[in-house]
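Read through the structure below, which is laid out as structure tokens, and then see the notes.
Naming: A, B, ... by sequence-line order, numbering from 1 per chain.
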Amino acid sequence: MVEAVLQSNPEYQKALADQEIEARAQRAIRKRRLAVRGWQIGIFVAIFGLWELGADTGWIDPFFYASPSAVIERLVDWAQNGTTEGSLWFNLWVTMEEALIGFVIGSITGVIVGIALGRNPMLSDILSVYIKAFNSIPRVVLAPIFIMILGLGLASKVALAFIMVFFVVFANAFQGVREADRDLIANAKILGASDWQVTRSVIVPSAMSWIFASLHISFGFAIIGAIVGEFVGARFGIGQLISIAKGTFDSAGMFAAIILVMVITLFAEWIMTLIENRLAKWRPQQSIDVQ
Amino acid sequence: MQADKGGVPAIELVDVTRRFVSPTGKNLTALRDFDMSVAQGEFAAVVGPTGCGKSTTLNLVTGLARPTSGEVRLMGAPVSGIDPRVGFVFQKDALFPWKNVIDNVMAGPLFRGKSTAEAERLAKDWLTRVGLSKFLHHYPHQLSGGMRKRVSLAQTFVNEPEILLMDEPFSALDVQTRTVMHEELLNLWSERQASVVFVTHDLEEAVALADKVYVLTAGPATVKSVYKIDLPRPRVVSEIRYDPAFVKYCRTIWDDLREEVETSYRRANEAA
């Protein structure tokens, strides 16, 4: 019976050399990777092809939905001739500057305050009610206030980006501190660590994966903060471009701006992942199960 | 064999009671009227039913927990805070996962203000002694359970503790690895002659390693009886289990311990 199965299945061989097994595994990995990539490209082509086709044949109204070719045309036009508000690169830089400054200050203070409160239960008990209350305010409603107080320039957008980033990073850093392994803390203490050494060598590293998870999403939040700030009132920036495009019913312009923001955020995400992988080299790598 | 050097016991728990108050205000007694005395250079093992409060005794000696009443003394002086002479080996290995092997072992000396060069020298020395000199730059997750335990031992021993506390340190290891670790522990200990309190639920482990075995009652724990183990040293743990004297010790102590285990088991069932 077993013999029969063995013979009828030519794939099955009793003893394969290590090299052969490895070569097969490599091939399987490559095949899978190709399949994934193929589907990804296929879906991309399908969506944009349908969009273009729909716009060309009039199934969807190009006035509202634009079309991929119109969007690309607009991007090229902006890049070559500048926008109504000056050079595209300048506008892009304005938004990036606001988001980056807000992101950096927001995440640094978020981490510091999160760790400080996480290490100090009394203080965190006292302040928790205020943090909860403040956290329940949808951040974007603060935009008009910031613009009123800080003006149309950089400061109001940075403030909004900051507040969006701060709470996310703070909450994660705080949780990360709380989740730090009690045995590790006890071990460090018995090995002779002072409170500060415990914080530096146990608390911060163990909160790091929480903090990084929050940094990934919070860069997106910083961009939201900058753009919403620009919607409400600004002279330059991608948000301002979208706002103007809306005013002139320029759907291609809106989509073009959205795509720009998307590309930038993806790029930032990629850089963040690089940094994270570098810092987290101690984490176990999963071995791949190849069929 | 273990000479009582200064006459002062290394570790002393005198009439110690330790209560916990749960967040809802319920009172739980972990230890009651607990007396224990470990001479300098002596190896004491503590056995008792699960959850009876064995680990609590160790926490009291480290200074991480305070007795509700009674006194804990190290070398004759009452414990106040974490004592630098104490080393602790945890049940699950408490290595820092983000540090590699050598950095883990260097942590103790660095915390205690030694220079990096000095810490590195000590760490390398201890890692060689536990047979891991080829794994200095591996991370804990890349090592087997037995290797991680060796790193833990090096991490603790590098501080040269006079008092060594071990909380079921080998319970997560497989039987063969555990026997190897027993031998290694006894070798390290015979070089250093630290005073050891070794908590375990494994009676054979206790008899094989210790000079003295404390049997605790089902919680709240108090000392039920103390047995002196007069087996010659150096002991070969892998062979000692066939020694008739060893078997006799195990049987006698087990008869004593069984009642407590049964009580504890019955209570757990009633609670469930």
[X] side, atom [atom1]; [Y] side, atom [atom2] - distance, nearest 0.5 Å:
| X | Y | atom1 | atom2 | value |
| --- | --- | --- | --- | --- |
| Arg200(A) | Phe111(B) | CZ | CZ | 8.0 Å |
| Ile190(A) | Leu165(B) | CD1 | CG | 7.5 Å |
| Thr156(B) | Leu191(A) | OG1 | CG | 6.0 Å |

Chain A contact via [X] - which portion, at a heavy-atom distance below 4.5 Å:
| X | value |
| --- | --- |
| Pro97(B) | both |
| Tyr139(B) | side chain |
| Phe96(B) | both |

Task: Ser194(A) versus chain B, the contacting section by heavy-atom distance below 4.5 Å - done: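 Neither part.
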
Task: Toward chain B, the part of Val202(A) with a non-hydrogen atom under 4.5 Å - done: both

Specify the closest pair of heavy atoms between [X] and [Y], including all atoms of both residues, with the distance to one decimal.
| X | Y | answer |
| --- | --- | --- |
| Lys99(B) | Ser201(A) | NZ-CB, 4.2 Å |
| Asp183(A) | Lys92(B) | OD2-CE, 3.7 Å |
| Pro205(A) | Trp98(B) | CB-CE2, 3.2 Å |

Task: Side-chain donor-acceptor pair present, Gln155(B), Asn187(A), cut-off under 3.5 Å - done: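 Distance-only check passes for Gln155(B) and Asn187(A).
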
Can you tell me if [X] has over 12 outside heavy atoms packed within less than 6.0 Å of its [atom1]?
| X | atom1 | value |
| --- | --- | --- |
| Gln19(A) | CD | no |
| Lys212(B) | NZ | yes |
| Arg27(A) | CZ | yes |

TODO: Name the member of Leu95(B), Asp83(B), Asn100(B), Thr62(B) that forms the most heavy-atom pairs with chain A at distances under 4.5 Å.
DONE: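 Answer, by heavy-atom pair count under 4.5 Å with chain A: Leu95(B).
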
